[in-house]
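Heads up, the thing below is written out as structure tokens.
Just so it is clear, the structure is predicted and the values come from calculations on it, not from any experiment. Below, all heavy atoms of this structure are taken into account, side chains as well, without hydrogens, waters or symmetry copies.
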Amino acid sequence: MSDQQITVQVAAASPIYRRGIAAVLQERGMEVVASAADGTALSAARPAHVVLVQPELPGLVGALRALSTVPDRPKVILLVGPAEPLAVQAALRHGPAGLLLQDAGADEFEAAVRAVSTGGGWISAALVPLVLPLAVSGALRAAIEDSAAGTLSRREREVLVLVASGHSNRKVASELFIAENTVKNHVRKILEKLDLSSRVEATLWAVSTGLVDSSERK
């Protein structure tokens, strides 16, 4: 892909938003070959390497189903807003390669498109909790795991593995030869970094990202 210009389709409700995305990507050497306001228009648009779509668009699920059957199927990135979990769940069944915040910066838009165009995945860090209860596989799963690796320090990962394996703070402290208060501080920082609210959510996060094997939990 490095020797070939990346082509992109953009599907979003707002024409101003679509033009903004197109301008950002074209300034960075990509070609926006189609723009659509709904899934029906998207399914008939010119083929591209990457498709950026809002998950709440009318007709989107059908369009994703159609795109998944074409040769050299495009990589799909869902542009996720603050209140769209149901739409995201429906769209995830059709194997998107990325989840990107709708209001992400220009650098992240470029990075996400380039990552998925070469077979990788992408997820905005703030969206990781959204997909914790969901079955996600492929490139997007790998992106979630990369997010896990990059967000936490080595010690925080060690603490999270033990917490998610069912250990109490006292047991974690004993295993790692640190004070119990230190464990509490690590847990607090882990929750803050991952934007989670409880040890239960942290455990689910660790299992969902593959940091802990659910069969090994006590």
| request: Verify, without hydrogens or angle tests, whether Arg157 (side chain) and Leu152 (backbone) share a donor-acceptor contact under 3.5 angstrom. | output: no
| Summary of salt bridge (Lys or Arg N to Asp or Glu O under 4.0 Å) pairs that have at least one residue in residues 160-174, sequence neighbours excluded | Arg170-Glu180, Lys171-Glu175
| query | Out of curiosity, Asn169 CG to Asn185 CG, how far, rounded to the nearest 0.5 Å? | reply | 10.0 Å
| task | List for me each residue that meets salt bridge (charged side-chain N to carboxylate O under 4.0 Å, His left out) alongside Lys184, sequence neighbours excluded, and say none if there are none. | result | none
| What is the minimum heavy-atom distance between Ala106 and Val24, and which atoms define it? | CB-CG1, 3.7 Å
| remark: Sorted by chain and residue number, the side chain to side chain contact (heavy atoms under 4.5 Å, CB included) partners of Val33 (sequence neighbours excluded) come out as Thr7, Gln9, Glu31, Arg46, Ala48
| For Ile21, what residues pass the side chain to side chain contact (heavy atoms under 4.5 Å, CB included) criterion, not counting sequence neighbours? | Val10, Tyr17, Leu25, Leu52, Leu79, Phe109
| field | Contacts of Asp38 that satisfy side chain to side chain donor-acceptor pair (under 3.5 Å) - sequence neighbours left out | value | none
| task | Enumerate the residue pairs fulfilling salt bridge (Lys or Arg N to Asp or Glu O under 4.0 Å) with a member in residues 100-113, sequence neighbours excluded, ordered by first and then second residue. | result | Arg28-Asp107, Arg28-Glu110, Glu110-Arg114
| note | With sequence neighbours left out, the residues meeting side chain to side chain contact (heavy atoms under 4.5 Å, CB included) with Ala179 are Thr182
| Ion pair check, Lys189 and Glu156, cut-off under 4.0 Å | no
| query | Can you name the closest pair of heavy atoms from Ser35 and Arg18 and give their distance? | reply | OG-NE, 2.7 Å
| request: Starting at CG of Leu60, measure out to OG1 of Thr40 and round the result to the nearest 0.5 Å. | output: 9.5 Å
| query | Of the non-hydrogen atoms in Ala22 and Val32, which two are nearest, and what is the gap between them? | reply | CA-CG2, 3.7 Å
| message | So, taking the atom named CG in Leu100 and the one named CD1 in Ile77, what distance separates them when rounded to the nearest 0.5 Å? | response | 6.0 Å
| remark: Residues passing the salt bridge (charged side-chain N to carboxylate O under 4.0 Å, His left out) test with Glu192, sequence neighbours excluded, are Arg188
| Excluding sequence neighbours, so at least two apart, what forms side chain to side chain donor-acceptor pair (under 3.5 Å) with Gln26? | none
| task | Quick one: closest heavy-atom pair of Gly39 and Ala63, and the distance? | result | O-CB, 3.2 Å
| Just wondering, do Leu78 and Val53 contact through their side chains at under 4.5 Å, heavy atoms? | yes
| message | Quick check against the 3.5 Å criterion: does Gln5 have a side-chain atom that pairs as donor or acceptor with the backbone of Gly29? | response | yes
| Got a sec, which residues hit side chain to side chain contact (heavy atoms under 4.5 Å, CB included) with Arg155, two or more places apart in sequence or on another chain? | Ser153, Glu158, Val159, Leu176, Ile178, His186
| note | Note: Ala97 and Lys75 closest approach over all heavy atoms is CB-CB, 4.3 Å
| request: Looking only at non-hydrogen atoms, find the nearest pair between Val50 and Ser117 and report the distance. | output: CG2-CB, 3.8 Å
